[in-house]
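Note that the numbering runs from 1 along the sequence shown for the chain. One-based numbering, in listed order, for ligands and for the atoms of each.
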Amino acid sequence: MRIDVVSIFPEYLAPLELSLIGKARQDGLLQLNVHDLRDFTTDRHRTVDDTPYGGGAGMVMKPEPWAQALAAVAADRPAASGPEPAPKPVLIVPSPAGERFTQATAHELAEEQQLVFACGRYEGIDERVMEWAADHFTVRPMSLGDYVLNGGEVAVLAMVEAIGRLLPGVVGNPDSLVEESHSDGLLEYPVYTKPSSWRDRDVPAVLLSGNHGKIAQWRRHEQYRRTAERRPDLLAGFDAGKLPRADRTAFADLGYDVVDGRLQRRPDSGGGQN
Ligand code: 6GU
């Protein structure tokens with residue numbers, strides 16, 4: 001995969017040289033280039049922003065430096081690998097006004113040949129850039145969640161890590177990708193290591209039992225308990241159609257019944273918090 005990031009703070013992306021993603025770059029699994037938007041300005045002050053039409057607070061990023069930068073990265077793209085022409089690169093525009101970036105999005109984007117990230121600052125990028133870019137890219141404004149960052153750089157660090165670790169060979173043991181939070185729409189179960197007793201706290205006995213069926217069931221039930229407590233919203237999308245009886249009972253104990261293959265919160269189940 002090839003990734004290009006355009007930013008006015010290229011140094012902000014330095015952590016992408018570390019750890020798993022840095023290793024993937026060294027190993028040639030990921031070709032990642034960071035570009036300084038100011039290199040695509042033509043004025044003496046390397047201006048990238050201006051005041052907003054219609055008034056209001058803050059500054060807006062000017063369109064022309066963005067068009068120059070994006071045209072440059074689109075022109076310098078990987079050659080088609082087969083008889084078909086190379087697909088359009090995906091232009092990801094980090095923004096709290098974007099579509100929500102999820103684990104499913106990460107999987108989808110991990111299949112692409114080229115991703116380009118356009119890091120906005122200030123109040124954002126002139127909207128016409130996204131319209132113009134649609135001729136050269138599949139444009140996807142993306143948000144990490146319902147809070148506001150000062151710019152797209154931190155969001156790009158998060159998205160590149162989430163996508164990069166899904167590329168073949170990046171995570172050493174691919175089994176680690178199977179049993180992690182969100183891989184099955186639920187939160188992950190709690191984990192423990194040695195010593196088995198630590199500061200008067202014992203590891204749950206079932207994990208020391210050697211009974212792999214019991215351990216798998218306990219872990220599933222812990223996933224249900226955690227998800228019901230911390231992220232009850234995720235349970236609405238959970239396929240409860242083929243659950244074993246013990247799992248239905250576990251959900252019943254948490255105040256959820258299975259109705260037409262979906263979990264339904266029992267009205268009288270109290271607690272009040274979920
Ligand atoms: Cl992707 N960008 C910015 N600037 N703020 C955000 C965000 C992205 N996701 C949540 N807040």
Enumerated ligand 1 atoms positioned under 4.0 Å from heavy atoms of [X]:
X      : value
Ala155 : 1 (Cl), 8 (C)
Ser143 : 1 (Cl), 9 (N), 10 (C)
Gly151 : 4 (N)

Salt-bridged, [X] to [Y], with N to O below 4.0 Å?
X      : Y      : answer
Glu112 : Lys88  : no
Lys62  : Asp49  : no
Glu222 : Arg225 : yes
Asp260 : Arg262 : no

How long is the straight-line distance from CG of Asp126 back to OH of Tyr53, given to the nearest 0.5 Å?
9.0 Å
When rounded to the nearest 0.5 Å, the distance separating CG of Asn173 from CG of Asp175 is 4.5 Å
What class does the angle between the rings of Phe251 and Tyr224 fall in, given that below 30° is parallel, 30 to 60° is tilted and above 60° is perpendicular?
parallel
Heavy-atom contact under 4.0 Å between Gly98 and ligand 1?
no
Name the closest protein heavy atom to [atom], giving the residue it belongs to and the distance to 0.1 Å.
atom                    : answer
atom 2 (N) of ligand 1  : Ser95 N, 3.5 Å
atom 5 (N) of ligand 1  : Leu149 N, 3.2 Å
atom 11 (N) of ligand 1 : Tyr147 O, 2.5 Å
atom 3 (C) of ligand 1  : Pro96 CD, 3.4 Å
atom 9 (N) of ligand 1  : Leu144 N, 2.8 Å

For ligand 1, which is the ligand I care about here, please tell me if Asn150 has any N or O atom under 3.5 Å from one of the ligand's N or O atoms.
no
Qualifying residue, where the test is side-chain contact (heavy atoms from CB on, under 4.5 Å) with Ile92 and the options are Leu109, Thr138, Val5, Thr105:
Leu109
Closest heavy-atom approach to atom 1 (Cl) of ligand 1 among Glu153, Met142, Arg121 is made by Met142
